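The structure displayed is predicted, hence computed values, not measured ones. These numbers come from the heavy atoms of this one structure, side chains and all, not from hydrogens, waters or symmetry mates.
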Amino acid sequence: MGGIFGVASKDDCSMDLFFGTDYHSHLGTRRGGLAVYRDDDKFQRAIHNIQNSPFRTKFENDIEEMKGHIGIGCISDYEPQPLLACSHLGRFALTTVGIVTNKDELSKELIENGGAFLEMSGGEINQTELILALLNTQKTILEGIKYVQKKIKGSITMLVATPEGIYGARDRMGRTPLQIGIKKDAKGSILAHCLSFENFAYMNLGYTDEHELGPAEIVFVTSDRYEILQKPQKEMKICTFLWIYYGYPTACYEGVNVEAMRYNCGKFLAKRDKDSNIHPDCAAGVPDSGTAHAVGYANEAGIPFTRPFIKYTPTWPRSFMPASQEQRNLIAHMKLIPVPQLIKGKSILLIDDSIVRGTQLRETTDFLYQSGAKEVHVRPACPPIMFGCKYLNFSRSKSEMDLIARRVVKQFEGDNPGKEVLAKYCDPDTPEYAKMQEEIRKQLHFTTLRFHRLDDMLNSTGLDHAKLCTYCWNGKE
């Protein structure tokens, strides 16, 4: 995924930028970057690999030299950024979050018109460099941002820092968030504004919520104020997976808190189980994102919430980010430490945020059995993932056959099931869905399995369903 943060301040912005960017570390594990427009009228940038060390340890020396009033930062799982530019648009720094699925087509078009790109290792073009090139085809930065929103497929939310202030633009369909915070002194005088992917990132820095950008909205932010340069469009398709998995518990999107939404998910899951013959001794979540879902389930079902295993986080990064599946599985196993006294002889209701490939949850379940669990009933907090996301880069899966739900459909329907066939496997009220769910249960060694229904999951947000992206679950644009 990735996260972005920017500050325009009357005083030095460097420490707010440092901590605000660091608060996005849960969104990525590969690279971090900062760019500041210094008091000597120059941009200064630092980019570091954060795969094996926390963001703070890599940037604490850089930030001492990055003194200025305007700056942007990012956590990135892919390309190095922010990028610095000097062009007919002036000097500026650019950082982005999202994915461009027509990158090859756009880069070819730019090259044919005389453009050029530096290749990253592996021959890839830096996606943010592509966005920069598109911006530079227009007469102003504002026109360039509008052009990017028009040209790309996928989604890009961006910050563009100039000597005068910061442009912020939410992606065209609002799939990722962007929010403005304001800082005031004790007398009410405005000290600074910030732009942030996660609104909680500025709370401890003295900012309060000022404005949440809508889909395709463009703003220009200075220390004193923000100006809306392009009003938001009405249509929205924000990523529902932000609440289910990616978002930090203290974050809010469209006014809906992540932790509260997860409690609601657990509550709906428990309600669906009330008429079943399942009588677990306790509810538990796969840490960390499954925990709040399990709390919601336990509260509704009236059973204890327990933590039968604890995640050892000091030395292990997020498990799905390493390139090899073998390494992901190893990390997932090594960082979970059992509490045998809470496992032996117990019937455990286990909630994870999702089942993607299934490998890790199967190993977690086997791990519980080996530690003495009597039963393991699994309740994923979202429906079966049937389609690879083409709007956000939230997974390294190269093929939809990496998804266990699609592999099971292939078992039953062959290599190329049509849309009508896949639709039956997406509908929780069909025999096809029931057959798929039972096959997944058997393959992953669960005592019982019940996926979260799509309608219940969407109801858990309290938002209009039409505003929520559900593509990975039902294939609907």
Side-chain angles (χ1 to χ4, degrees), residues 1-4 28 30-31 33 35 47 72 74 76-162 167-176 178 197 213 215-218 229-230 233 235 237 239 387-400 469 471-472 477:
M1 177 69 82
I4 53 179
R30 190 169 183 183
R31 292 187 177 94
I47 297 174
I72 58 174
C74 71
S76 173
D77 265 330
Y78 293 93
E79 68 274 16
Q81 50 169 319
L83 299 182
L84 302 184
C86 182
S87 73
H88 71 284
L89 299 176
R91 289 178 294 167
F92 62 90
L94 170 68
T95 188
T96 69
V97 63
I99 189 170
V100 181
T101 57
N102 60 337
K103 183 170 67 172
D104 292 343
E105 170 191 328
L106 292 175
S107 58
K108 181 181 178 182
E109 181 180 318
L110 287 165
I111 290 169
E112 288 176 349
N113 286 312
F117 298 94
L118 296 174
E119 284 191 350
M120 296 191 297
S121 58
E124 286 286 314
I125 291 174
N126 184 323
Q127 179 175 274
T128 300
E129 187 179 351
L130 172 64
I131 300 303
L132 191 153
L134 290 170
L135 286 173
N136 275 316
T137 64
Q138 305 302 299
K139 294 180 180 179
T140 66
I141 290 176
L142 176 59
E143 289 178 12
I145 294 172
K146 291 179 180 180
Y147 184 67
V148 169
Q149 291 178 335
K150 176 183 175 182
K151 291 286 287 185
I152 71 157
K153 295 178 182 177
S155 69
I156 285 292
T157 292
M158 72 179 83
L159 299 179
V160 184
T162 71
Y167 292 86
R170 189 172 175 182
D171 68 273
R172 189 172 60 84
M173 296 300 294
R175 298 187 191 278
T176 51
L178 189 60
F197 185 105
L213 276 69
E217 186 172 357
I218 304 172
L229 304 179
Q230 176 171 275
Q233 66 174 24
E235 188 179 4
K237 286 293 181 182
C239 175
F387 303 90
C389 179
K390 59 182 182 180
Y391 302 112
L392 297 172
N393 50 1
F394 77 78
S395 172
R396 287 186 177 273
S397 294
K398 301 298 183 183
S399 165
E400 288 182 339
C469 182
Y471 179 81
C472 60
E477 304 284 344

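- Between Leu110 and Leu130 there is a side-chain heavy-atom pair separated by less than 4.5 Å.
- A side-chain donor from one of Glu79 and Gln81 sits under 3.5 Å from a side-chain acceptor of the other.
- Considering OH of Tyr167 and CG of Leu159, their distance stands at 13.0 Å, rounded to 0.5 Å.
- The aromatic rings of Tyr391 and Tyr471 stand perpendicular to each other, their planes meeting at an angle above 60°, with 30° marking the opposite boundary.
- Shortest non-hydrogen contact noted between Glu400 and Phe387 is OE2-CA, 3.4 Å.
- Between Glu105 and Lys151, every side-chain heavy-atom pair lies at or beyond the 4.5 Å cut-off.
- A pairwise comparison of heavy atoms in Leu135 and Gly144 identifies CD2-C, 3.2 Å as the closest pair.
- Between Asp171 atom CG and Leu178 atom CG the span is 9.5 Å, to the nearest 0.5 Å.
- Between Ile131 and Ile152, the closest side-chain pair of non-hydrogen atoms falls below 4.5 Å.
- With Asn136 contributing its side chain and Leu89 its backbone, the two residues share no donor-acceptor pair below 3.5 Å.
- The side-chain heavy atoms of Ser155 and Leu392, taken from C-beta on, include a pair separated by under 4.5 Å.
- With contacts defined as side-chain heavy-atom distances shorter than 4.5 Å, the pair Gln230/Ile145 does not qualify.
- Across all non-hydrogen atoms, the minimal contact from Ile99 to Lys390 is CG2-O, 4.3 Å.
- Of all heavy-atom pairs spanning Tyr147 and Glu109, the tightest one is OH-OE2, 4.1 Å.
- By the 4.5 Å heavy-atom criterion applied to side chains, Met173 and Pro215 are not counted as neighbours.
- The CG atom of Leu229 sits 7.0 Å away from the CD1 atom of Ile218 when rounded to the nearest 0.5 Å.
- Not one N or O on the side chain of His88 forms a donor-acceptor pair closer than 3.5 Å with the backbone of Thr137.
- Counting heavy atoms of neighbouring residues, nucleotides and ligands inside a 6.0 Å radius, atom CZ of Arg172 does not exceed 12 of them.
- Taking CE of Met1 as the start and OG1 of Thr176 as the end, the distance is 7.5 Å to the nearest 0.5 Å.
- In this structure, the side chain of Lys103 engages the main chain of Ile125 through a donor-acceptor pair within 3.5 Å.
- Here the side chains of Thr128 and Thr95 are not in contact, with every heavy-atom distance at 4.5 Å or above.
- Residues Phe92 and Leu132 are in side-chain contact: their nearest non-hydrogen atoms beyond the backbone lie under 4.5 Å apart.
- Residue Glu217 comes nearest to Leu213 through the heavy atom pair OE1-CA, 3.3 Å, listed as atom of the first residue, atom of the second, then distance.
- Residues Ser107 and Asp104 come closest through the heavy atom pair OG-O, 3.0 Å.
- For the atom pair CZ of Arg31 and CD1 of Ile47, the computed distance is 8.0 Å after rounding to the nearest 0.5 Å.
- Checking side-chain atoms of Gln149 against main-chain N and O of Arg170 turns up a donor-acceptor pair under 3.5 Å.
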